[in-house]
Amino acid sequence: MVKKLVLIRHGSSEWNEKNLFTGWVDVKLSETGKKEAANAGKLLAESGIKPDILFTSRLSRAIQTANLALERADRLFIDVERSWRLNERHYGDLQGKNKADALEKFGPELFKTYRRSYDIPPPVIADDSDFSQANDERYADLDPSALPKTESLKLVIDRMLPFWQDRIAKELIQDKTVLVVAHGNSLRGLYKHLTGMSDDSITEFNIPTGIPLVFELDDNLKPVKEPYYLDPEAAAAGAAAVAAQGQKK
Ligand SMILES: O=C(O)[C@H](O)COP(=O)(O)O
């Protein structure tokens with residue numbers, strides 16, 4: 001039996017709209033983001049895909065998106081688990097900074113390296129920064145050495161995979177339809193893991209907000225076909241807009 005995994009990047013957040021690097025800062029959905037989340041639920045309902053279990057990060061924008069989407073799809077009853085391992089990439093010292101200012105400061109090459117290179121993280125964030133998570137109660141249960149101060153995509157994949165293997169993959173193997181609502185870069189990491197996309201190609205790959213991306217997987221959790229968006233046109237436009245961030249203030 002083909003197994004179904006649906007990934008949704010949270011709807012647009014208040015900081016997406018201000019064009020700020022967000023990472024682990026816990027900002028909320030914007031009004032547009034709430035509409036995108038409900039639309040994701042509508043797309044799910046229309047597709048006939050019925051998630052049995054939900055996994056989210058510990059960040060509010062993913063949790064709000066999942067709630068609004070499941071409400072619209074009339075599946076608020078399903079089980080849910082949250083993990084910091086699905087959080088957005090920790091953006092280090094870039095958290096709270098404007099993307100256009102960063103592009104101006106670093107130049108296009110280093111800006112893209114920090115945003116999209118596979119294994120080069122941005123500079124670390126200081127513990128006393130307003131945008132640090134060093135004393136954030138959400139992560140009080142973590143060993144302090146596990147709490148990132150910056151991350152590359154590679155480091156995101158490294159911390160995400162244990163949760164993929166221990167929890168998400170286990171549910172898929174039992175033929176559960178799984179919904180994961182997370183973030184641009186944690187989902188890029190999962191996409192890379194599932195498709196085997198190269199370190200180079202992943203630098204050009206962007207995930208739009210609020211559009212369900214469906215994987216159909218075999219018994220070994222390998223894709224049986226190209227993953228597909230439930231609204232491909234909107235997804236292409238959304239991915240192009242993500243790629244262009246930094247061009248505008
Ligand atoms: O953390 C952020 O700023 C965004 O959610 C993802 O940003 P990016 O597309 O610049 O990686």
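Indexing begins at 1, ligand by ligand and atom by atom, following the structure's order. Values reported hereafter were calculated over all heavy atoms of this structure, with side chains retained and with hydrogens, waters and symmetry mates removed.
- When only modelled atom types and interatomic distance are considered, Thr56 and Arg82 share a side-chain donor-acceptor pair under 3.5 Å.
- For ligand 1, the atoms lying closer than 4.0 Å to a non-hydrogen atom of Val242 are 9 (O).
- Ring pair Tyr114/Tyr91: centre-to-centre distance not below 6.0 Å.
- The shortest N or O to N or O distance between Arg116 and ligand 1 is under 3.5 Å.
- Counting non-hydrogen atoms of other residues, nucleotides and ligands closer than 6.0 Å to CG of Asp74 gives a total of 12 or fewer.
- For atom 11 (O) of ligand 1, the closest non-hydrogen atom on the protein side is Tyr91 OH, 2.6 Å.
- Looking at Asn185 next to ligand 1, an N or O pair under 3.5 Å apart turns up.
- Neither the backbone nor the side chain of His183 comes within contact range of ligand 1; no heavy atom lies under 4.0 Å.
- Looking at Thr22 next to ligand 1, an N or O pair under 3.5 Å apart turns up.
- Below 4.0 Å from some heavy atom of Phe21 lie the following atoms of ligand 1, by number and element: 3 (O), 10 (O).
- With a 4.0 Å heavy-atom cut-off, ligand 1 is reached by the side chain of Arg9 but not by its N, CA, C or O.
- If you check which protein heavy atom lies closest to atom 1 (O) of ligand 1, you get Gly23 N, 2.8 Å.
- No donor-acceptor contact under 3.5 angstrom links the side chains of Asp200 and Ser198, judged on distance only.
- Between the side chains of Glu17 and Ser12, at least one donor-acceptor pair of N or O atoms lies under 3.5 Å.
- With a heavy-atom cut-off of 4.0 Å, Lys99 touches ligand 1 through its side chain alone.
- Linking Ile, Leu, Val, Met, Phe, Trp and Tyr residues whenever their side-chain heavy atoms come within less than 4.5 Å leaves Leu155 and Val124 in two separate clusters.
- Residue Leu20 touches ligand 1 through its backbone alone, judged by heavy-atom distances below 4.0 Å.
- Between Arg85 and Asp166 there is no salt bridge, since no side-chain N of the basic residue sits under 4.0 Å from a carboxylate O of the acidic one.
- Nearest protein heavy-atom contact of atom 4 (C) of ligand 1 is Glu88 OE2, 3.6 Å.
- With a 6.0 Å radius and a threshold of 12 heavy atoms from other residues, nucleotides or ligands, Lys97 has its NZ atom above the threshold.
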